[in-house]
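One structure is given here, and the rest of the page talks about it.
If you read the sequence from its start, that first residue is 1, and numbering goes on from there. A quick note: this is a predicted structure, and the numbers were derived from the prediction, not measured. Values reported hereafter were calculated over all heavy atoms of this structure, with side chains retained and with hydrogens, waters and symmetry mates removed.
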Amino acid sequence: MEQKKNIKIVAKNKKAYHDFFVEDTYEAGIQLFGTEVKSVRQGAVNLNDSYCVIDNGEIFATGVHISPYEKGNIFNREPLRDKKLLMHKKEIIKLFSLKGKEGYTLVPLSVYFSGSKVKMEIGLCKGKKLYDKRDTEAKRQAERTMERAMRDRNKE
């Protein structure tokens, strides 16, 4: 993803990086209503257990929970409704063909503001097996141990 100015990350899907190998990432806009945007500004977004579905040439994020805006009254929408993602048609067709491969899925990785626009980073992911998760955790633990040892060594 190209680094841009004025990016404010609202929510990250840490579980996605634990459960999947992220092969490629894409940026998409989200079609939201006013009270939903206000709720996103407050950081009331949960991406756990969410995924993307391609239907009739359109892409939707399913399972993304945006809490109702507290001052929104009748204008609030259903928190778990499917959110339409805004991408170019060519990108959607490309993702559809890539998703057709065995074991691949589209997972929302983060929600952020790019200027005043709400964007979502989605990843083309392949599921990890249990032994892959253990291997990743072991590597992470080894890195932490080495960092601690180096930090302690530098203090002396």
Measuring from atom CD of E147 to atom CD of E143, what distance do you get when rounded to the nearest 0.5 angstrom? 7.5 Å

Please report the shortest heavy-atom distance between V107 and S50, naming the atom on each side. CG1-O, 4.0 Å

Under the salt bridge (Lys or Arg N to Asp or Glu O under 4.0 Å) definition, can you give me all pairs with a residue in residues 109-118, not counting sequence neighbours? none

Can V64 be reached from I122 by stepping across I, L, V, M, F, W or Y side chains whose heavy atoms are under 4.5 Å apart? yes

Would you call R140 and E137 a salt bridge, using N to O less than 4.0 angstrom? yes

Validation row: F113, V118 side chains within 4.5 angstrom (heavy atoms): yes

List the atom of K119, the atom of S114, and the distance in Å for their closest heavy-atom pair. CG-CB, 3.8 Å

Is the backbone N or O of E58 less than 3.5 Å from a side-chain atom of N56, with the two atoms forming a donor-acceptor pair by type? no

Rounded distance (nearest 0.5 Å) linking atom OH of Y104 with atom CZ of F20: 13.0 Å

Pairwise side-chain contact, I66 with L32, heavy-atom cut-off 4.5 Å (strictly under): yes

Could you list who else is in Y17's hydrophobic cluster, with ILVMFWY side chains joined at under 4.5 Å, directly or through other members? V22, L109

One should read off an interatomic distance between Q141 CD and R134 CZ, to the nearest 0.5 angstrom, of 15.5 Å

Minimum heavy-atom separation for L85 to M120, with atom names? CD2-SD, 3.9 Å

Connected via hydrophobic side-chain network under 4.5 Å: I92 and Y26: yes

Do I54 and L106 come within less than 4.5 Å of each other through their side chains, counting heavy atoms only? yes

Any donor-acceptor pair under 3.5 Å from N13 side chain to L47 backbone: yes

A side-chain contact here means heavy atoms from C-beta on lying under 4.5 Å apart; do H65 and N48 qualify? no

Please evaluate residues D152 and R148 with respect to the criterion salt bridge (Lys or Arg N to Asp or Glu O under 4.0 Å), reporting the C-alpha separation (whole Å), side-chain torsions for both, the decisive distance (0.1 Å), and the verdict. CA-CA 6 Å; D152 292 342; R148 284 189 200 119; over 6 Å; no

Determine the minimum heavy-atom distance between E23 and K126, stating which atoms define it. OE2-CB, 4.1 Å

Is the shortest side-chain heavy-atom distance between M87 and L95 below 4.5 Å? yes

Stepwise side chain to side chain contact (heavy atoms under 4.5 Å, CB included) test for R151 and R153: CA-CA 5 Å; R151 189 175 53 226; R153 185 174 180 213; over 6 Å; no

Would you say F96 ends up clustered with V53 if hydrophobic residues are merged whenever their side chains have heavy atoms under 4.5 Å apart, either directly or through other cluster members? no

Rounded to the nearest 0.5 Å, the NZ atom of K8 sits from the OG atom of S116 at a distance of 12.5 Å

